[in-house]
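These notes concern the structure reproduced below.
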Amino acid sequence: MSRETPLGRVLGLGSAKDGTEHFWAQRVSSVAVAGLGLWFVIALGMLVAQGAAYTDVLEWLASPLRAAAMLAFIVTLAYHSTLGVQVVIEDYVHGAPKVVALILQRFVHIGAALAACVAVLRIMLGA
């Protein structure tokens with residue numbers, strides 16, 4: 001005996017309709033964050049080991065390839081964090097505060113990602 005509704009069987013959807021997509025988005029973005037995060041930690045570790053000053057780090061980040069990798073890291077990290085916080089809110093917040101919290105967390109993540117991206121672009125462009 002199936003626990004699905006007849007419409008659910010026809011459409012092939014679960015109760016939430018996008019749970020699998022969200023699950024896979026979290027897993028794929030976590031792999032990307034892990035790889036880019038490892039690059040970032042190793043790069044900063046090498047700069048610290050060389051005794052790099054603040055201006056040296058700015059010069060290092062001004063490289064288009066490094067800036068692109070940093071932008072990818074920022075965007076991927078913000079996306080992965082948004083997905084994770086969304087799950088926590090959906091699981092533990094109920095009623096009207098849930099909708100407000102979901103909207104607020106999305107705006108905070110987008111705002112933080114935009115601010116970080118603008119900072120990296122300003123460094124790369126020498127502004």
Backbone N or O of Trp60 within a donor-acceptor pair of the Arg66 side chain at under 3.5 Å? yes
For [X], what residues pass the side-chain contact (heavy atoms from CB on, under 4.5 Å) criterion, not counting sequence neighbours?
| X | answer |
| --- | --- |
| Val87 | His22, Gln26, Asp91 |
| Ala113 | Ile74, Ala78 |
| Ala53 | Thr55, Asp56 |
| Ile103 | Val99, Phe107 |

Using a 4.5 Å cut-off between side-chain heavy atoms of Ile, Leu, Val, Met, Phe, Trp and Tyr, which other residues end up in the same hydrophobic cluster as [X]?
| X | answer |
| --- | --- |
| Val75 | none |
| Tyr92 | Val88 |
| Val48 | none |
| Met46 | Leu38, Ile42 |

Side-chain heavy-atom pair Val85, Val108 within 4.5 angstrom cut-off: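 Contact flag for Val85/Val108 side chains = no.
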[X] and [Y]: same hydrophobic cluster, using ILVMFWY side-chain contacts below 4.5 Å?
| X | Y | value |
| --- | --- | --- |
| Ile110 | Leu104 | no |
| Ile123 | Tyr54 | yes |
| Met124 | Val57 | yes |
| Leu58 | Met70 | yes |
| Tyr79 | Trp24 | no |

Please report the closest heavy-atom contact between Leu36 and Ala69, naming both atoms and the distance.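 Scanning both residues completely, I find the closest heavy atoms to be CD2-O, 4.1 Å.
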Return the minimal non-hydrogen interatomic distance between Ile89 and Gln105, and the atom names on each side.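 So the two residues come closest at CD1-CG, 3.7 Å.
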Residues in side chain to side chain donor-acceptor pair (under 3.5 Å) with [X], at least two apart?
| X | value |
| --- | --- |
| Ser29 | His80 |
| Thr76 | none |
| Glu90 | Gln86 |

Please determine whether the number of non-hydrogen atoms from other residues, nucleotides or ligands lying under 6.0 Å from atom CZ of Arg27 exceeds 12.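 Yes, because the 6.0 Å sphere around CZ of Arg27 holds more than 12 heavy atoms from other groups.
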Contacts of Phe40 meeting ring-ring contact (aromatic ring centres under 6.0 Å, His included) (sequence neighbours excluded), chain-then-number -> Phe73
